[in-house]
There are 2 protein chains.
Amino acid sequence: MVDSQQCPHDSRVSCTDCVLNSICLPIALEAEDIVKLDEIVARGRPLQKGDHLYRQEDEFSSIYAVRSGSMKSYTVTDDGQELVTGFYFPGEILGMDGIGRNRHASSAKAMETVSVCEIPFDNLGALSQKIPSLQQHCFQLMSQEIIDDRQLLALLSKCQAEERVATFLLSVSARKARNRLSATHFRLPMSRADMGNYLGLTVETISRVLSKFQKSKLLAVDNKEISIADICALKELSALRFE
Amino acid sequence: MVDSQQCPHDSRVSCTDCVLNSICLPIALEAEDIVKLDEIVARGRPLQKGDHLYRQEDEFSSIYAVRSGSMKSYTVTDDGQELVTGFYFPGEILGMDGIGRNRHASSAKAMETVSVCEIPFDNLGALSQKIPSLQQHCFQLMSQEIIDDRQLLALLSKCQAEERVATFLLSVSARKARNRLSATHFRLPMSRADMGNYLGLTVETISRVLSKFQKSKLLAVDNKEISIADICALKELSALRFE
DNA sequence: AACAATACTTGATATAAATCAATTCGTAGA
DNA sequence: TCTACGAATTGATTTATATCAAGTATTGTT
């Protein structure tokens, strides 16, 4: 059990024993209900970098929780442009945008080796019917996603490049910290291009902003490794708060 | 009954008889379940222009359906800037962003005289527990809100001013049409400032774009009245699709 | 280990939209 | 009805970031 807690890739670990259960779907559940949730969760083999978990327009059947690694979601617009809509770290849920139309509204791709838990949605709906706190939690997760999107919307429509990048780095930092990893030293799993795409900026702008932050000693950049040196200054740059 | 169908301000009209029931919450329900929904819906007196339905940080207790008139929702960021997050027309649901944290994440203000139906969320949750299709519909509504936000995100991060304005006008047009009103001649209830704020543009830019559209005979603008003359050309300008 | 392909950085220039400024137009209040 | 204040328009100028371009570093493949 202790062993499996230390190996999040391990597909045998149950929700009850998962290190992530304090931030994942089980957050709202009693021990006995977690067992019920556990029964419907499927844990497949890990995805390799570049693999898709699902594709836009695929029939929707499940939502997914990241157990280890990281994923990105993106949509392709009518005119063929790719739009990165989100990044997902361990304990985070993706795929909820497929519920409304019964097909996935985005594609999800592994940015590195990833293991996920699959939660069949028919079953989750039925289980939510029986466990009020699970239904409530599903509502909350979706509502939170709306709030997060709104926050991003604010970032894109009101803030300029430096603010956007600072806010993004703080968001990643907070999510690493929530997973009990360092808040100041971490690896960005996405390319500069994906980061720029997500933030509505070009690769060049991302690169310039990071260089500028480095010059002003806010942080050190070593390719994808980021060391935040002055998190307070970064927070001042970022008008929006992240918890 | 026929009378009340023609008077959406009338607070006595039930969900069963409401002209909007084909696009509002009851969409997924059997006749007998609509009666149950109807029992929990509260219909208060109309709001006057400028009145708030709820304010950011208010305790969350209900979601609302617009019966007549139109509302805007907005958040105020830490640094005091207002960010318009949405406009709501008859049959549309607002307030769902409050579910996640049990307090409203935005404020909702009447742009003109408005009447709304209040749906207490505790009750809706409990009722959803009993009526699977209602739970499913609630999930769908929220998921749709996520999709809509993503679409706006795409608009803000990838499209320039003319595209944004064209897309916005088409969105309003489609929603008017859904309410069986003219798709080509309608009144924009919001100010240019709110429109710009929502689209991440300044008032001046909105004004210039509308003038330009008018000069190129795409539409005629008479203050807040819009007459779309060439909806196809407008759709070409707008990369994104609206149903 | 060498190579190709891709990702990233940095600089020069162009451009869309913001900002600043001055009227004009509407609407609400006296 | 007149007045005044906010809303909208239009023009001149500035500016942030995109675009274009060239080079360097990293990664994956044989």
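The sequence lines fix the lettering, A, B, ..., with proteins before strands; numbering per chain opens at 1. For clarity, every value in this text was computed on a predicted model and none was experimentally measured.
Whole-Å rounding puts the A:Ile206 CD1 to D:dA16 C1' distance at 14 Å. Atom pair A:Met190:CE and D:dT26:P shows a separation of 19 Å (rounding to whole Å applied). Counting to the nearest Å, the P atom of C:dT10 and the CG atom of A:Leu210 are 10 Å from each other. At whole-Å resolution of the value, CZ in B:Arg208 and C1' in C:dA22 are 13 Å apart. Whole-Å rounding puts the B:Met195 CE to D:dA8 C1' distance at 12 Å. In this structure, the CZ atom of A:Phe213 is 17 Å from the C1' atom of C:dT10, given to the nearest Å. Regarding B:Lys212, its NZ atom lies at a distance of 14 Å from the P atom of D:dG11, rounded to whole Å. Following rounding to the nearest Å, A:Glu163 (CD) and D:dA16 (P) show an atom-to-atom distance of 13 Å.
Salt bridge absent: A:Glu163 and A:Lys158 never bring a charged side-chain N and a carboxylate O closer than 4.0 Å. Of the charged side-chain nitrogens involved, none lies within less than 4.0 Å of a carboxylate oxygen, so that B:Lys217 and B:Asp230 do not count as a salt-bridged pair. Under 4.0 Å is where a charged nitrogen must lie from a carboxylate oxygen, and between B:Arg150 and B:Glu145 no such pair does. Between B:Glu92 and B:Arg178 there is a salt bridge, since a side-chain N of the basic residue sits under 4.0 Å from a carboxylate O of the acidic one. Salt bridge status for B:Glu162 with B:Lys212: present, with a side-chain N to carboxylate O gap under 4.0 Å.
Of the listed nucleotides (C:dA16, D:dT19, D:dG11), C:dA16 has the atom at the smallest distance from the side chain of B:Gln160. Ranking C:dA17, D:dT9, C:dG11 by closeness to the B:Ala161 side chain, first place goes to C:dA17.
Applying the 4.0 Å criterion to OP1 and OP2 of D:dT10, one finds that B:Ser207 has every side-chain N and O outside that range. The shortest distance between the side-chain N/O atoms of A:Thr205 and the OP1/OP2 oxygens of D:dA18 is below 4.0 Å.
For an aromatic pair to be called close, the ring centres must be under 6.0 Å apart, and A:Tyr54 with A:Tyr64 satisfies this.
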Taking N or O atoms only and anything under 3.5 Å, show me the protein contacts with nucleotides 28-30 of chain C, one pair per line.
none

With the criterion being N/O to N/O and under 3.5 Å, what pairs connect the protein with nucleotides 2-7 of chain D, and how long is each?
none

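If you check every strand for non-hydrogen atoms under 4.0 Å, B:Gly200 touches sugar and phosphate atoms only. Using a 4.0 Å heavy-atom distance criterion, A:Gly50 is classed as making no nucleic acid contact. Using a 4.0 Å heavy-atom cutoff across all strands shown, B:Thr202 reaches at least one base atom of the nucleic acid. Residue A:Leu201 is in sugar-phosphate contact alone, with no base atom involved, counting any heavy-atom pair closer than 4.0 Å across all strands shown.
A 4.5 Å side-chain heavy-atom check between A:Val84 and A:Ser73 finds every atom pair outside the cut-off. Here the side chains of A:Val114 and A:Tyr88 are not in contact, with every heavy-atom distance at 4.5 Å or above.
Along DNA chain D, the nucleotide nearest A:Glu204 and the nucleotide nearest A:Arg164 are compared for position; the residue whose nucleotide lies closer to the 5' end is A:Arg164.
Of the listed residues (A:Leu218, A:Leu169, A:Thr167), just one forms a side chain to side chain contact (heavy atoms under 4.5 Å, CB included) with A:Leu237, and that residue is A:Leu218.
Both cation-pi conditions hold for B:Lys72 and B:Tyr74: the charged atom is under 6.0 angstrom from the six-membered ring centre and inside a 45 degree cone around its axis.
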